[in-house]
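Below is one structure, written out as structure tokens; the observations come after it.
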Amino acid sequence: MSAKPQPQQNHLLAALSPDVQGRLFPYLELVPLPLRALLYESRRPMRHVYFPTDSIVSLQYLMENGASTAISVVGNEGLLGITLFLGGESTPSRSLVQSAGYAYRLPRLRVKEEFNRHGQLLMLMLRYTQALITQVSQTAVCNRHHSIDQQICRWLLLSMDRLSHNHLTMTQEFIGNMLGVRREGVTQAALKLQQLGVISYSRGLIKVLDRPKLETLSCECYSVVKKETDLLLHYLPQRHVITNTDSIPTAKL
């Protein structure tokens, strides 16, 4: 039986001082986030802020014709619900779980109360918001100017950076919906990466074998987001290149 996730598995919560943690942690509620669960729907009131521990959530914009495109991903580096402390109560995007796991949620009134102290939580949330804005902006550029192959590489790298375990389960169709591309394009991109020795792909399971090469094949959008995130979120642990392929994060397509 796996151990219960702890609040400190979310790096933003772990970076808070003991005083701030003492005020917030008693009100944290651990909730499961199953694959494809909707945390926020477009234009619906937001009642909680979510701090993922071992899950990844995709922020998506849904078109009138039902098509959707991911504009950012959120994991254990930050939180979901920045609209609540920026003054709004809803958002035009929706939040969909792309990798199942857990998150701690905090009622919006507790978040606002601590935010209005103008202390550590305010500064961390504002810096995280700037990092998220960078990711959203760069995603828009990437979707317009770069190939599906490059977008897949960027998405794999961003997802792996946010994993606290080594499995990511989803279908090709789901990935295509997130990126706003056809499923066939996802299949072709995965096959190309396998032929280049970057990943292994068998029975719906993809394992990254050469992360440095994956970064090389990705467009500059990943490095732009990664550098800005590392600069703004100084509390994040340093990422090391994994040489033991048995422990490299995997994704089931």
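Reckoned from all heavy atoms, side chains included, excluding hydrogens, waters and symmetry mates.
- Clustering ILVMFWY residues whenever any of their side-chain heavy atoms sit less than 4.5 angstrom apart, transitively, puts M123 in a cluster other than the one holding L231.
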Test side chain to side chain contact (heavy atoms under 4.5 Å, CB included) applied to T83 and M46, step by step | CA-CA 8 Å; T83 304; M46 304 165 70; 3.9 Å; yes
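- No more than 12 heavy atoms of other residues, nucleotides or ligands lie within 6.0 Å of OH in Y61, so this atom counts as exposed by the packing criterion.
- Following chains of ILVMFWY side-chain contacts shorter than 4.5 Å, one cannot reach V224 starting from V73, and the two form parts of different hydrophobic clusters.
- Counting only heavy atoms from C-beta outward, the side chains of L24 and P26 never approach each other to under 4.5 Å.
- No donor-acceptor pair closer than 3.5 Å links the side chain of K227 to the backbone N or O of Y222.
- Note that CD1 of I152 is 12.5 Å distant from CG of L217, once rounded to the nearest 0.5 Å.
- Evaluation of the salt bridge (Lys or Arg N to Asp or Glu O under 4.0 Å) rule for R127 yields no partner, not counting sequence neighbours.
- The CD atom of E215 sits 10.5 Å away from atom SG of C153, with the distance rounded to the nearest 0.5 Å.
- For the atom pair L13 CG and N76 CG, the distance stands at 10.5 Å (nearest 0.5 Å).
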Side chain to side chain contact (heavy atoms under 4.5 Å, CB included) assessment of L236 paired with D161 = CA-CA 10 Å; L236 291 178; D161 285 347; over 6 Å; no
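- Nearest heavy-atom pair, Y104 versus K4, reported as atom, atom and distance to 0.1 Å: OH-CE, 3.7 Å.
- Between L59 and V74, the closest heavy-atom pair is CD1-CG2, 3.8 Å.
- Applying the salt bridge (Lys or Arg N to Asp or Glu O under 4.0 Å) test to R110 and every residue at least two apart in sequence or in another chain returns E113.
- Linking Ile, Leu, Val, Met, Phe, Trp and Tyr whenever their side-chain heavy atoms come within less than 4.5 Å leaves I133 and V141 in two separate clusters.
- Partners of S223 by side-chain hydrogen bond (donor to acceptor under 3.5 Å, both in side chains), not counting sequence neighbours: none found.
- Taking the ring pair (Phe, Tyr, Trp, His ring centres under 6.0 Å) definition, one finds that F115 meets it with F85, sequence neighbours left out.
- Listed by first then second residue, pairs satisfying side chain to side chain donor-acceptor pair (under 3.5 Å) with a partner in residues 12-22 read S17-Q120, not counting sequence neighbours.
- Scanning for side chain to side chain contact (heavy atoms under 4.5 Å, CB included) contacts around Q150 gives H146, S147, C219, with sequence neighbours left out.
- Between L122 and H118 the shortest heavy-atom distance is CD1-CD2, 3.7 Å.
- Between I148 and R182 there is no side-chain heavy-atom pair separated by less than 4.5 Å.
- The backbone N or O of L214 lies less than 3.5 Å from no partner atom in the side chain of S218, so there is not a single donor-acceptor pair.
- Scored by the side-chain hydrogen bond (donor to acceptor under 3.5 Å, both in side chains) test, Q6 finds no partners at all (sequence neighbours excluded).
- Note on Y27 and L30: same hydrophobic cluster, where clusters join Ile, Leu, Val, Met, Phe, Trp and Tyr whose side-chain heavy atoms are under 4.5 Å apart, directly or indirectly.
- Within the 3.5 Å criterion, the main-chain N or O of R108 finds no donor-acceptor partner in the side chain of R47.
- Remark: L33 CG to L96 CG distance equals 11.0 Å, nearest 0.5 Å.
- The nearest pair of heavy atoms linking L28 to F51 is CD2-CD1, 4.4 Å.
- With values rounded to the nearest 0.5 angstrom, L124 atom CG is found 13.5 Å from H11 atom NE2.
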Show the numbers, then the answer: is there a side chain to side chain contact (heavy atoms under 4.5 Å, CB included) between V198 and Q194?
-> CA-CA 6 Å; V198 179; Q194 180 174 247; over 6 Å; no
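- Under the 3.5 Å distance criterion, the side-chain polar atoms of Q151 are left unmatched by any main-chain donor or acceptor of D149.
- Every residue meeting the ring pair (Phe, Tyr, Trp, His ring centres under 6.0 Å) condition with Y50, not counting sequence neighbours, appears here in chain and number order: Y40.
- The ring pair (Phe, Tyr, Trp, His ring centres under 6.0 Å) check on Y102 picks up nothing, with sequence neighbours excluded.
- At least one donor-acceptor pair under 3.5 Å links the side chain of N10 to the backbone N or O of G78.
- Between T139 and R154, the closest side-chain pair of non-hydrogen atoms falls below 4.5 Å.
- Between I82 and M125 the shortest side-chain heavy-atom distance does not fall below 4.5 Å.
- For the atom pair L38 CG and S95 OG, the distance stands at 8.5 Å (nearest 0.5 Å).
- The side chain to side chain contact (heavy atoms under 4.5 Å, CB included) search around A140 returns none, not counting sequence neighbours.
- Residues passing the salt bridge (Lys or Arg N to Asp or Glu O under 4.0 Å) test with E29 are R105, sequence neighbours excluded.
- A 4.5 Å side-chain heavy-atom check between V97 and I56 finds every atom pair outside the cut-off.
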Carefully, step by step, assess L39 and L80 under the rule side chain to side chain contact (heavy atoms under 4.5 Å, CB included).
-> CA-CA 9 Å; L39 299 187; L80 287 144; 3.7 Å; yes
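- Considering every non-hydrogen atom in both Q8 and F25, the closest pair reads NE2-CE2, 3.5 Å.
- Contact record, Q98 with S159: NE2-OG, 3.1 Å, taken as the closest heavy-atom pair.
- Legend: residues meeting salt bridge (Lys or Arg N to Asp or Glu O under 4.0 Å) with E114, ordered by chain and number and at least two apart, are R23, R117.
- In the hydrophobic clustering of ILVMFWY residues, with side-chain heavy atoms under 4.5 Å counting as a link, V31 and V111 come out together.
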